[in-house]
Amino acid sequence: MNRPSQKIDAQLIASGMLLLPQTGCAGLSVRKLVEHAGVNLGMFHYHFKNKDNFLRVLLQHMYEEMFAALTLRAQASQGGARSLDGALRVLAGFASRHRHLLLTLLSEAMRGEALPAAFLRENLPRHIAVLAQLLRQGQAEGDIIDAPVMQLLPFVLGAIAGPLFAGGALERLPAAAPELAALAQQALLSDQAIALRIDLAMRAILVAPKGFAPP
């Protein structure tokens with residue numbers, strides 16, 4: 001028997017990406033998911049067996065798209081510092097697009113939810129290792145300051161993730177004033193604000209920042 005169209009997989013994944021930031025892993029209802037996707041319950045079980053397996057596939061699909069782009073930037077033949085700049089922009093775009101979902105996953109993991117905790121535990125080290133290698137390469141090439149990589153990493157990541165998650169949290173405040181939401185969008189979440197923070201973080205760790213022009 002021929003396997004049903006894989007478009008059903010894509011429909012369910014797309015609906016899951018829309019619903020999960022609001023529901024979290026624990027609160028996602030399979031029935032609401034299939035209703036949103038316009039798919040019958042039997043096809044959900046055919047493709048994914050159960051909710052936990054669906055969530056693992058969805059989260060990994062989201063992450064692997066980012067990681068492929070990150071790896072491509074890291075492998076570019078343009079030196080450690082410039083590759084790091086490009087990799088940070090990939091990571092920032094991912095964190096910006098999925099800020100509400102990432103906040104939800106972090107919250108659930110801190111509450112002891114097994115599936116989000118496992119996802120973060122298995123994947124966080126992967127992109128951190130890529131960034132650490134680029135920092136070491138930049139240091140070996142004389143472009144990045146001689147400081148412990150495990151001090152430079154939280155500095156550059158904090159410059160990106162901190163404001164994005166703060167802005168995402170402000171967006172979700174039920175009683176947030178419109179002015180506050182507008183300020184968060186302009187100062188924390190806009191493409192221009194993100195690009196500026198990456199420029200500032202890179203200039204802070206470069207040996208000769210005046211000679212550095214982002215790609």
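Computed from a predicted structure; not experimentally measured.
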For L164 against A92, the heavy-atom pair lying closest together: CD1-O, 3.7 Å

Quick check against the 3.5 Å criterion: does R197 have a side-chain atom that pairs as donor or acceptor with the backbone of L188? yes

R97 (side chain) donor-acceptor with G93 (main chain) under 3.5 angstrom: yes

Taking atom CD as the centre, does E64 end up with more than 12 heavy-atom neighbours from other residues, nucleotides or ligands that are less than 6.0 angstrom away? yes

Would you name the heavy atoms of N50 and N53 that are closest together and state the gap between them? OD1-N, 2.8 Å

Tell me the closest heavy-atom pair linking L135 and V149, and the distance in Å. CD1-CG1, 4.0 Å

Looking at H45 and K49, would you say the former's side chain and the latter's main chain have a donor-acceptor pair under 3.5 Å? yes

Are D52 and L115 packed together at the side-chain level, in the sense that at least one heavy-atom pair is separated by less than 4.5 angstrom? yes

Quick one: closest heavy-atom pair of I145 and Q139, and the distance? O-NE2, 2.9 Å

State, yes or no, whether a side-chain contact exists between L105 and C25 at a heavy-atom distance under 4.5 Å. yes

In this structure, CE of M43 is separated from CG of L12 (nearest 0.5 Å) by 9.0 Å

Is it true that a side-chain atom of K51 and a backbone atom of L28 form a donor plus acceptor pair closer than 3.5 Å? yes

So how far is it from K32 NZ to Q22 CD, rounded to the nearest 0.5 Å? 11.5 Å

How far apart are the closest heavy atoms of G38 and Q11, and which atoms are they? O-NE2, 4.4 Å

Before you tell me yes or no, could you show the steps for L106 and F165 under side-chain contact (heavy atoms from CB on, under 4.5 Å), namely the whole-Å CA-CA distance, both residues' side-chain angles and the distance that decides it to 0.1 Å? CA-CA 11 Å; L106 285 169; F165 289 162; 3.9 Å; yes

Start with the C-alpha gap between Q186 and Q192, add the side-chain angles, then the distance that decides, and say whether side-chain contact (heavy atoms from CB on, under 4.5 Å) holds. CA-CA 8 Å; Q186 179 181 0; Q192 294 85 352; over 6 Å; no

Out of curiosity, S96 OG to L91 CG, how far, rounded to the nearest 0.5 Å? 11.5 Å

Go through it in stages, so that I can follow the logic: the residues are D199 and R89, the test is salt bridge (charged side-chain N to carboxylate O under 4.0 Å, His left out), and I'd like the CA-CA distance, side-chain angles, deciding distance and then a yes or no. CA-CA 10 Å; D199 289 345; R89 292 175 194 277; 2.6 Å; yes

Checking F54 now: which residues fulfil ring-ring contact (aromatic ring centres under 6.0 Å, His included) with it, not counting sequence neighbours? F44, F48

Looking at every non-hydrogen atom in both residues, tell me the closest pair between L157 and L131 and how far apart they are. CD2-CD1, 3.5 Å

Treating Ile, Leu, Val, Met, Phe, Trp and Tyr as nodes and any side-chain heavy-atom pair under 4.5 angstrom as an edge, say whether M62 and I128 lie in one connected cluster. yes

Are D85 and I198 side-chain neighbours, meaning at least one heavy-atom pair lies under 4.5 Å? yes

Is the shortest heavy-atom distance from the side chain of V156 to the side chain of M202 under 4.5 Å? no

Using the rule that Ile, Leu, Val, Met, Phe, Trp and Tyr join whenever any side-chain heavy atoms are under 4.5 Å apart, tell me whether Y46 and I8 fall into a single cluster. yes

Give the intermediate values and the outcome of side-chain contact (heavy atoms from CB on, under 4.5 Å) for residues I144 and L84. CA-CA 10 Å; I144 292 177; L84 177 64; 4.1 Å; yes

Any link between L55 and L124 through a network of hydrophobic side chains (Ile, Leu, Val, Met, Phe, Trp, Tyr) touching at under 4.5 Å? yes

Any H98 side-chain heavy atom under 4.5 Å of M17 side chain: yes

If you draw a 6.0 Å radius around CG in D146, do more than 12 non-hydrogen atoms from other residues or ligands fall strictly inside? no

Under 3.5 Å: donor-acceptor pair, side chain of T104, backbone of P21: yes

Rounded at 0.5 Å granularity, tell me how far NE2 in H127 sits from CZ in F94. 8.0 Å

If hydrophobic clusters are built from ILVMFWY residues whose side chains come within less than 4.5 Å, do L72 and V90 share one? no

Would you say that F67 contacts N123 through its side chain, given a criterion of any heavy-atom pair below 4.5 Å between the two side chains? no

What do the steps show when you test V207 against D143 for side-chain contact (heavy atoms from CB on, under 4.5 Å), and what is the final call? CA-CA 5 Å; V207 171; D143 294 326; 5.8 Å; no

Answer with yes or no whether the side chains of Q137 and E141 bring together a donor and an acceptor at under 3.5 Å. yes

Cluster overlap L70 with L153, hydrophobic side-chain contacts below 4.5 Å: yes

When rounded to the nearest 0.5 Å, the distance separating CG of L58 from CD1 of I13 is 4.5 Å

Measuring from atom CG of L196 to atom CG of D191, what distance do you get when rounded to the nearest 0.5 angstrom? 12.5 Å

